[in-house]
Amino acid sequence: MLDPKIIRDNPDKIRDMLSARSIDFPFDDFLRYDRERRDLIVRTDEMRKTKNQISLEIASKKKSGGDASALISKMQSVSQQLQVLEEDQVRTEEAYRRLSLTMPNLIHESVPVGKDETANKIIRKWGDLPSFGFEIRDHIDLTQRLGLVDLERAAKVSGARFYYLKNQLVKLNQALLQFALEFITERKFVPVQTPYMINRNAMEGAVIAEDFEDVIYKVEGEDLFLIGTSEHAIASMHSDEIIAGGSLPLRYAGISTCFRKEAGAHGRDQKGIFRVHQFEKVEQFVFSRPDDSWAEHEKMLSNVEEFYQKLGLPYRIVLLSSGDMGKVSAKTYDLEAWMAGQKNYREVASCSNCLDFQARRLKIRFRDRTDEPPQYLHTLNCTLVATTRTMVSILENFQTVDGHISVPKVLQKYVGSSTI
RNA sequence: GCGGGGGUCGCCUAGCCUGGUAGGGCGUGGGAUUGCUAAUCCCAUGUCCGUAAGGACCCGUGGGUUCAAAUCCCACUCCCCGCGCCA
């Protein structure tokens with residue numbers, strides 16, 4: 001949700017943003033609803049004012065023992081008129097609210113404008129790509145031979161894009177989580193294991209409407225949705241709160257299983273554990289003062305980079321273009337790790353500054369002094385590790401001639417061995 | 001799941017029975033005053049519309065009754081206590 005004042009004062013800025021994102025949005029309707037809405041507020045307020053006055057007159061007349069019947073009948077007609085106006089207002093307000101929830105965020109000036117990922121900009125690369133003196137295998141081949149993943153039975157029991165992790169890969173999964181948790185708490189992020197189901201109000205605060213269809217699972221018969229990432233649960237954690245300015249920034253490390261419908265993904269990454277309905281993730285999430293959010297954004301990015309460096313996985317940092325970026329984000333970097341089996345860099349982490357977009361939807365504000373009006377803070381999120389994708393990269397990059405896997409040094413103490 | 005008790009403007013609390021402008025205390029910020037870190041007094045401290053003046057809204061949420069609802073009625077929700085069930 002955007003600041004209504006910015007929208008009213010700079011409609012062209014909004015139109016530019018919508019076209020940069022290649023989004024078809026009924027902006028003229030939105031502006032009309034906004035005008036109607038404010039007009040109706042003024043009219044209902046005036047009507048309520050007369051109603052309040054008459055009510056007072058009735059009360060004082062009754063107190064002094066006079067006859068209030070004329071006033072009461074006047075009140076009846078005012079109440080009726082007010083009811084009609086109020087119904088109108090509620091309708092307009094709802095239409096305005098629905099549209100404003102689907103309007104995407106502003107875009108930072110540093111973001112390249114373009115309609116899709118072809119306009120993304122590679123910022124930097126780290127690490128030497130591994131070279132092998134033998135025929136390499138992809139992660140699917142490797143995990144089948146080593147008995148690390150059972151896809152067939154998962155398909156039988158749950159369907160496509162599910163998996164049973166087995167043997168040493170279960171340990172590797174846990175090792176990544178454990179290492180990530182230690183890594184990030186050393187950097188003073190507060191670890192939080194969140195609810196895996198949250199209600200509609202919380203989810204709407206963190207997510208834009210169409211994502212409900214494409215990524216979010218709904219629990220039947222309950223006002224509950226499975227989180228797509230702990231970001232969703234952490235963003236809403238401080239909803240309706242006014243936070244003391246002195247306690248900012250709040251830096252959290254969310255840990256949770258993540259659930260994704262992957263509805264729009266039809267044929268892509270059909271096999272293996274690269275694109276799945278369920279995985280574990282440690283996520284950085286920061287509530288920041290507006291002035292600090294861009295510095296926090298870079299800091300979070302450097303945290304993931306350092307994490308991948310410790311794992312020894314080559315990666316590149318990509319600045320997403322306006323058309324490729326998520327709609328709640330004003331600027332997003334992806335970290336793409338090298339996947340030797342695919343001979344390609346693939347997304348494993350995503351680092352976004354959402355400005356006050358989520359904070360407005362969730363009413364998360366701060367102030368330094370109680371005599372100041374509270375202001376919206378900024379929210380940022382950045383993956384630290386998403387286990388399945390990182391494991392694909394580890395499996396493919398660290399495979400050995402005999403079809404086994406060398407465990408990255410920093411993970412060996414958690415896995416309990418140096419090879420899988 | 002059953003029974004009981006609760007939810008009031010940051011926190012605590014009055015008002016609810018008997019409908020008629022939501023009052024007090026604490027905390028926090030600012031100011032005044034007095035030779036001290038203290039005391040006292042004043043102002044501010046929820047949301048929306050508005051440049052402002054001003055006004056409207058706000059008593060867990062949503063309905064209903066009424067000229068009028070924090071107050072009466074119904075449903076839901078969350079918290080606390082007891083019982084039951086349970087990894």
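Letters go in sequence order (proteins before strands), and every chain restarts at 1.
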Roughly how many Å is it from [atom1] in [X] to [atom2] in [N], rounded to a whole number?
{"X": "A:Arg200", "N": "B:rU77", "atom1": "CZ", "atom2": "P", "answer": "17 Å"}
{"X": "A:Arg361", "N": "B:rU47", "atom1": "CZ", "atom2": "P", "answer": "20 Å"}
{"X": "A:Ile198", "N": "B:rC78", "atom1": "CD1", "atom2": "P", "answer": "16 Å"}
{"X": "A:Phe366", "N": "B:rG29", "atom1": "CZ", "atom2": "P", "answer": "17 Å"}
{"X": "A:Glu222", "N": "B:rC78", "atom1": "CD", "atom2": "P", "answer": "10 Å"}
{"X": "A:Asp240", "N": "B:rC9", "atom1": "CG", "atom2": "P", "answer": "13 Å"}
{"X": "A:Asn201", "N": "B:rC76", "atom1": "CG", "atom2": "P", "answer": "21 Å"}
{"X": "A:Lys74", "N": "B:rA68", "atom1": "NZ", "atom2": "C1'", "answer": "15 Å"}

Among residues two or more places apart or on two chains, list those pairs meeting salt bridge (Lys or Arg N to Asp or Glu O under 4.0 Å) that have a residue in [range].
{"range": "residues 347-357 of chain A", "result": "A:Asp356-A:Arg360"}
{"range": "residues 324-340 of chain A", "result": "A:Glu210-A:Lys327, A:Arg316-A:Glu336"}
{"range": "residues 76-86 of chain A", "result": "A:Arg48-A:Glu86"}

Nucleotides 63-67 of chain B: which of its N/O atoms have a protein N/O under 3.5 Å away?
| residue | atom | partner | partner atom | Å |
| --- | --- | --- | --- | --- |
| B:rC67 | N4 | A:Lys62 | NZ | 3.4 |

(request) Just jot down the side chain to side chain contact (heavy atoms under 4.5 Å, CB included) partners of A:Asp16, sequence neighbours excluded, or say none. (result)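 For A:Asp16, no residue satisfies side chain to side chain contact (heavy atoms under 4.5 Å, CB included) once neighbours in sequence are set aside.
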(request) Using the side chain to side chain donor-acceptor pair (under 3.5 Å) rule, collect all pairs that involve residues 247-265 of chain A, keeping only residues at least two apart or in two chains. (result)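 Those involving residues 247-265 of chain A are A:His238-A:Tyr252, A:Arg251-A:Glu296, A:Thr257-A:Glu280, A:Glu262-A:Arg275.
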If we take the [atom1] atom in both [N] and [M], what is their distance in whole Å?
{"N": "B:rG3", "M": "B:rA87", "atom1": "P", "answer": "25 Å"}
{"N": "B:rU65", "M": "B:rC72", "atom1": "C1'", "answer": "8 Å"}
{"N": "B:rU61", "M": "B:rG7", "atom1": "P", "answer": "13 Å"}
{"N": "B:rG19", "M": "B:rC86", "atom1": "P", "answer": "49 Å"}
{"N": "B:rC16", "M": "B:rG10", "atom1": "P", "answer": "22 Å"}
{"N": "B:rA38", "M": "B:rU28", "atom1": "P", "answer": "11 Å"}
{"N": "B:rG63", "M": "B:rA69", "atom1": "P", "answer": "14 Å"}
{"N": "B:rC74", "M": "B:rG84", "atom1": "C1'", "answer": "28 Å"}

(request) Kindly express the pairing pattern of RNA chain B in dot-bracket notation, using | wherever a base pairs with another strand and counting only Watson-Crick or G-U pairs under 3.5 Å. (result) ((((((((.[[[[.)....(..]]]]((((((.......))))))((((....))))..[[[[[..)....]]]]])))))))....
(message) Whether the A:Gln284 and A:Asn381 side chains hold a donor-acceptor pair (N or O, under 3.5 Å, no angle test) is what I'd like checked.
(response)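 No.
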(request) Go through the side-chain N and O atoms of A:Ser230 and A:Glu283 and say whether any donor and acceptor fall under 3.5 Å apart. (result)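 Judged by distance alone, the side chains do not pair up.
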(message) Test of understanding: with salt bridge (Lys or Arg N to Asp or Glu O under 4.0 Å), list the residues that count as partners of A:Asp9, not counting sequence neighbours.
(response)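 For A:Asp9 there are no salt bridge (Lys or Arg N to Asp or Glu O under 4.0 Å) partners, ignoring immediate neighbours.
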(message) Enumerate the ring pair (Phe, Tyr, Trp, His ring centres under 6.0 Å) contacts for residues 175-205 of chain A, please, sequence neighbours excluded, ordered by first and then second residue.
(response)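 Every pair satisfying ring pair (Phe, Tyr, Trp, His ring centres under 6.0 Å) with a residue in residues 175-205 of chain A: A:Phe179-A:Phe307, A:Phe183-A:Phe307.
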Pick out the pairs of N or O atoms, protein on one side and nucleotides 48-58 of chain B on the other, that lie under 3.5 Å.
| residue | atom | partner | partner atom | Å |
| --- | --- | --- | --- | --- |
| B:rG50 | OP1 | A:Arg38 | NH1 | 2.6 |
| B:rG55 | N2 | A:Asp45 | OD2 | 3.1 |
| B:rA56 | OP1 | A:Asn52 | ND2 | 3.4 |
| B:rA56 | O2' | A:Asp45 | OD1 | 2.7 |
| B:rA56 | O2' | A:Arg48 | NH1 | 3.0 |
| B:rC57 | OP2 | A:Asn52 | ND2 | 3.1 |

(request) Establish, yes or no, whether a centroid distance under 6.0 Å links the rings of A:His297 and A:Tyr333. (result)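 When the ring centroids of A:His297 and A:Tyr333 are compared, they turn out to be within the sub-6.0 Å range.
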(message) If the condition is side-chain hydrogen bond (donor to acceptor under 3.5 Å, both in side chains), which residues does A:Tyr33 pass it with, not counting sequence neighbours?
(response)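 With sequence neighbours excluded, A:Tyr33 shows a side-chain hydrogen bond (donor to acceptor under 3.5 Å, both in side chains) to no residue whatsoever.
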Result block: side-chain N/O donor-acceptor pairs under 3.5 angstrom for residues 406-418 of chain A, not counting sequence neighbours:
| residue | atom | partner | partner atom | Å |
| --- | --- | --- | --- | --- |
| A:Gln412 | NE2 | A:Val407 | O | 2.9 |
| A:Tyr414 | OH | A:Glu182 | OE1 | 2.7 |
| A:Ser417 | OG | A:Gln168 | NE2 | 3.1 |
| A:Ser417 | OG | A:Thr419 | O | 3.0 |

